[in-house]
2 protein chains.
Amino acid sequence: MTVTYEFPRPNLAVDCVVFGLDEEDLKILLIQRAIPPFEGRWALPGGFVQIDETLEEAALRELREETGMQDLFLEQLYTFGAVGRDPRERVVSVAYYALVNLGDHEIEAATDARNAAWFSVDDLPQLAFDHTEIVQTALKRLKGKVIYEPVGFELLPRKFTLTQLQRMYEKILERPIDKRNFRKKILGMGLLQELDEVQVDVSHRAARLYRFDEKKYRRLRQRGFNFEI
Amino acid sequence: MTVTYEFPRPNLAVDCVVFGLDEEDLKILLIQRAIPPFEGRWALPGGFVQIDETLEEAALRELREETGMQDLFLEQLYTFGAVGRDPRERVVSVAYYALVNLGDHEIEAATDARNAAWFSVDDLPQLAFDHTEIVQTALKRLKGKVIYEPVGFELLPRKFTLTQLQRMYEKILERPIDKRNFRKKILGMGLLQELDEVQVDVSHRAARLYRFDEKKYRRLRQRGFNFEI
DNA sequence: TTGACTTGGTGTCTGTTTTACACTATCATA
DNA sequence: TATGATAGTGTAAAACAGACACCAAGTCAA
């Protein structure tokens, strides 16, 4: 099955920057390419957009096919259209990004991918295509976004401690935050629900657990509340 | 000359939201379509991306061809990829936006456009395709951006009064701003160069003229200075 | 069982920023 | 020379941001 057009068209692709967080680092999900070009090289999960699916559908499909990941919230990042970014032919790629909790998702390599794995953002391998630039753009955007929207909760497990939350902000913003000021501010926003539970299996005083109260968030957001950190 | 591909491909387009400002209103540049679909309907300037040009080059070319506008700074806005957004066939469109001073640019309708004209953003005609959605997205972005970057100067003539500057912020942000606080803040940033000139031909006390000092802006920006309004 | 270690949890003070607010100055024109 | 239009200016109060240090609770090992 082939198609004929009057003028040549760029091929249209999507790429996904999926962020995760563990105790150590902010991480990104990469796949190892099983086919040329850049066979064997690590790359962002992604692929070509089919004629009858939206861009976001394409991104979700490729993520599922290549990494087994499902049900995540994608946000559009930027569209990369440099003429030589793919050595085969003209490819324009719409990049998306997502935040996930590492524990919630089992990854599994599949179609077109030899392997899928998490890499610390400050220790990435050499990437295929212009994917290093895409990752840089995503990091910048995440950093910019986390300041004025409580967006990072998706990186944490549903129940978390204030210290975990603070570490997350410190990792994304790449600067230390004062513990007392942070707690004052974040509790003052009224977005956290204090639970009657504490950490278990820790070899020191157990910290209280909290969870993100999405209802309160939506209420406050509607009123134009300011979530700056 | 035709081309044949193994799989169908979306057609790739660009669209431009060009903002301008006059004494009355924030405006947007529209063209009246000379060809179907939506013949005669007003639409954003834009068109298909050629195989050997970048997205931004395509946007600049279309602007020049359709409106005569040249030499403007485009910033990528968002990529619109809904499946039925163009009635003819699948078209994915990368939207750009720009700010210009109305006085600096003569517009002239050309290729594919019957006419080109400025429309007040709160009195737009019915637009072709999903262009109303694109305009809404651009307005939201402009509003978000103007708060933390001194971006609006491009909307004003090179020499302007503080009142003109304040009116611009009020029009974009859609809220009144206190005159004294505004002046304190904006002068405190050190981005404005006070000129030895005042308005002429006004039937009241003439206001001092200022201009935007791009050098100072770049210096401050490098140091991570905060330009919040 | 006690002491050392680890992380949790808390309040105050100070300087800065933001906001609210009203009158005089200058110029043109009638 | 009076009127009308816009320019230009300062202060006080409140809110916010940032710096800073110690005790509490639990685990573990001697």
Side-chain angles (χ1 to χ4, degrees), chain A residues 21-24 146-148 150 156-157 159-171 173-211 220 223-229, chain B residues 22-24 146-150 156-157 159-171 173-211 220 223-229:
Chain A
L21 189 77
D22 66 10
E23 292 78 45
E24 306 304 314
V146 90
I147 291 170
Y148 63 92
L156 297 176
K159 302 171 181 183
F160 51 83
T161 70
L162 293 180
T163 301
Q164 280 178 299
L165 186 61
Q166 182 178 340
R167 294 277 169 277
M168 181 199 78
Y169 276 102
E170 289 175 334
K171 279 170 199 163
L173 297 173
E174 299 180 286
R175 62 174 165 90
I177 301 177
D178 178 86
K179 183 160 64 155
R180 281 179 289 192
N181 293 339
F182 177 76
R183 286 169 183 234
K184 220 186 311 173
K185 181 144 215 172
I186 205 90
L187 291 175
M189 283 183 191
L191 290 177
L192 298 187
Q193 184 172 17
E194 183 176 336
L195 301 175
D196 277 335
E197 294 175 68
V198 293
Q199 281 181 311
V200 291
D201 290 332
V202 288
S203 70
H204 53 76
R205 174 173 173 184
R208 161 133 284 131
L209 292 171
Y210 290 81
R211 75 174 178 206
L220 288 169
R223 298 188 206 151
F225 192 84
N226 188 351
F227 299 103
E228 253 175 73
I229 286 295
Chain B
D22 65 11
E23 292 80 43
E24 306 303 314
V146 90
I147 292 171
Y148 63 89
E149 273 190 64
L156 297 175
K159 302 172 179 184
F160 50 83
T161 69
L162 293 181
T163 301
Q164 280 178 298
L165 186 61
Q166 182 178 340
R167 294 278 170 276
M168 180 202 75
Y169 276 102
E170 289 176 331
K171 280 171 199 161
L173 298 174
E174 298 180 289
R175 61 172 166 88
I177 299 176
D178 178 87
K179 182 161 67 156
R180 279 178 290 191
N181 293 339
F182 177 76
R183 284 167 184 237
K184 219 187 309 174
K185 181 143 217 171
I186 207 88
L187 291 174
M189 282 182 190
L191 290 178
L192 298 188
Q193 185 173 13
E194 183 176 337
L195 301 176
D196 279 334
E197 294 174 66
V198 294
Q199 280 180 312
V200 290
D201 287 333
V202 288
S203 70
H204 52 76
R205 174 170 174 187
R208 161 132 284 136
L209 292 171
Y210 290 80
R211 75 174 179 204
L220 289 169
R223 301 187 203 151
F225 192 82
N226 189 353
F227 299 103
E228 252 174 75
I229 288 295

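A note on names: the letters A, B, ... follow the listed sequences, proteins ahead of strands, and every chain is numbered from 1.
Ion pairing of A:Lys159 with A:Glu197 is present here, as a side-chain N (NZ or NE/NH1/NH2) and a carboxylate O approach within less than 4.0 Å.
Formation of a donor-acceptor pair under 3.5 Å by the B:Gln199 side chain with backbone atoms of B:Ala207 is found in this model. Judged purely by atom type and a 3.5 angstrom limit, B:Glu170 uses its side chain to pair as donor or acceptor with the backbone of B:Ile177. The main-chain N or O of B:Arg211 is never found under 3.5 Å from a side-chain atom of B:Gln193 such that the two would form a donor-acceptor pair. Between the side chain of A:Gln164 and the backbone N or O of A:Leu156 there is no donor-acceptor pair closer than 3.5 Å. Side chain of B:Lys171 to main chain of B:Glu23: a donor-acceptor pair is present (N/O by atom type, distance under 3.5 Å, no hydrogens or angles).
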Pairs: protein N or O with nucleotides 24-30 of chain C N or O, under 3.5 Å:
unit_1, atom_1, unit_2, atom_2, d
C:dA25, N3, B:Arg205, NH1, 3.0

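Atoms CG (B:Asn181) and P (D:dA15) sit 16 Å apart, rounded to a whole Å. Between A:Gln199 atom CD and C:dG8 atom P there is a gap of 6 Å when expressed in whole angstrom units. B:Arg175 has its CZ atom 12 Å from the C1' atom of C:dT18, to the nearest Å. Between the CD atom of A:Gln166 and the P atom of C:dG9 there is a distance of 12 Å, rounded to whole Å. Between the NZ atom of B:Lys179 and the C1' atom of D:dT9 there is a distance of 9 Å, rounded to whole Å. Put simply, CZ on A:Arg208 is 15 Å from C1' on D:dG26, counting in whole angstrom units. Between A:Phe160 atom CZ and C:dT7 atom C1' the separation is 18 Å, expressed in whole Å. Look at CG on B:Leu209: it is 17 Å from P on D:dT6, rounded to the nearest Å.
No side-chain donor-acceptor contact under 3.5 Å links B:Arg167 and B:Thr161.
Side-chain to base pairing of A:Arg180 with D:dA21: one donor and one acceptor N or O lie within less than 3.5 Å of each other.
Nucleic acid contact class of B:Thr161 (heavy atoms, under 4.0 Å, all strands): none.
Of the residues in residues 182-192 of chain A, those with a non-hydrogen atom less than 4.0 angstrom from any atom of DNA chain D are A:Lys184, A:Lys185.
Residues B:Gln164 and B:Asp178 both approach DNA chain D. Their nearest nucleotides, taken by heavy-atom distance, put B:Gln164 toward the 5′ side.
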As a quick check of understanding, evaluate ring-ring contact (aromatic ring centres under 6.0 Å, His included) for B:Tyr169 and B:Phe182, giving each step before the final call. CA-CA 10 Å; B:Tyr169 276 102; B:Phe182 177 76; 5.7 Å; yes
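At least one side-chain heavy atom of B:Phe160 sits less than 4.5 Å from a side-chain heavy atom of B:Leu192.
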